[in-house]
Undergrad: 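The structure is given below, and queries will be raised subsequently.
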Amino acid sequence: MVVLETELVGAASVDYLMYFGYVMMGDYWALQAAKAEELLASGEGAESEEFYRAKLQTAEFYFERMMPRANSHRSGALSSTRSVMQMDNEHFAFT
């Protein structure tokens, strides 16, 4: 069986997009946490101290509970496409 490069890309696309979604959100949470720490330390924030503490707690939650999911999507995007592409098109017609 010959697997086209476009099929390889398609097989990895969902995991690829999910992986970078988690990474992108991690970057945003890291930026928010850094700013919250800065404003807490300076006392110059426009919001309450509780607001900035909530930002830090949410960032911690994201990195401990959500970000590990990125690893499985990375593995999926890099894994073999053999099982995805092995079925002949005619076999999809079976009922």
Side-chain angles (χ1 to χ4, degrees):
M1 168 189 273
V2 175
V3 178
L4 302 174
E5 283 187 36
T6 55
E7 293 171 337
L8 295 174
V9 171
S13 63
V14 172
D15 282 313
Y16 175 83
L17 292 171
M18 291 297 293
Y19 172 75
F20 279 102
Y22 281 111
V23 170
M24 180 203 65
M25 288 304 297
D27 184 53
Y28 285 133
W29 275 113
L31 292 171
Q32 290 182 73
K35 189 65 172 180
E37 284 181 338
E38 175 189 320
L39 293 172
L40 275 173
S42 71
E44 297 177 5
E47 301 292 337
S48 68
E49 184 177 316
E50 291 82 17
F51 175 83
Y52 297 116
R53 294 207 185 283
K55 285 284 186 185
L56 293 172
Q57 291 169 346
T58 305
E60 183 178 355
F61 168 82
Y62 185 82
F63 284 106
E64 286 183 2
R65 302 292 302 176
M66 304 301 289
M67 193 66 166
R69 297 175 185 188
N71 291 330
S72 65
H73 289 293
R74 180 184 175 279
S75 296
L78 296 174
S79 68
S80 170
T81 59
R82 188 190 62 76
S83 64
V84 176
M85 308 312 267
Q86 70 183 348
M87 189 178 293
D88 292 330
N89 287 339
E90 299 82 39
H91 294 165
F92 285 101
F94 293 140
T95 57

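Side chains are part of it too, since the values below use all heavy atoms of this structure and drop only hydrogens, waters and symmetry mates.
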Undergrad: Decide whether Phe20 and Met66 are clustered together by the hydrophobic rule: side chain heavy atoms of Ile, Leu, Val, Met, Phe, Trp, Tyr closer than 4.5 Å, transitively.
TA: yes
Undergrad: Under a 4.5 Å side-chain heavy-atom rule over Ile, Leu, Val, Met, Phe, Trp and Tyr, are Phe51 and Leu31 clustered together?
TA: no
Undergrad: Under the side chain to side chain contact (heavy atoms under 4.5 Å, CB included) criterion, do Tyr52 and Glu37 qualify, and how do the steps go?
TA: CA-CA 7 Å; Tyr52 297 116; Glu37 284 181 338; over 6 Å; no
Undergrad: A quick test of your reading: do over 12 heavy atoms of other residues, nucleotides or ligands sit less than 6.0 Å from OH of Tyr28?
TA: no
Undergrad: More than 12 heavy atoms of other residues, nucleotides or ligands under 6.0 Å from OH of Tyr16: yes or no?
TA: no
Undergrad: Are Leu56 and Met25 connected in the hydrophobic side-chain network, where two residues link if heavy atoms are under 4.5 Å apart?
TA: no
Undergrad: Would you call Arg53-Glu50 a salt bridge at under 4.0 Å N-O?
TA: no
Undergrad: Hey, could you give me the CG/CZ distance between Asp15 and Arg74, rounded to the nearest 0.5 Å?
TA: 12.0 Å
Undergrad: Hydrophobic cluster membership, with links at side-chain heavy-atom distances under 4.5 Å among I/L/V/M/F/W/Y: are Leu78 and Tyr19 in one?
TA: no
Undergrad: Write down the atom of Ala33, the atom of Ala59, and the distance for their closest heavy-atom approach.
TA: CB-CB, 3.9 Å
Undergrad: Taking Trp29 as the starting point, is it possible to reach Met18 by hopping between hydrophobic residues whose side chains are less than 4.5 Å apart?
TA: yes
Undergrad: Should the ring pair His73 and Tyr22 be called parallel, tilted or perpendicular, given that the plane angle runs from 0 to 90° and is split at 30 and 60?
TA: parallel
Undergrad: Checking side chain to side chain donor-acceptor pair (under 3.5 Å) against Lys55, which of Glu60, Gln32, Glu47 comes through?
TA: Gln32
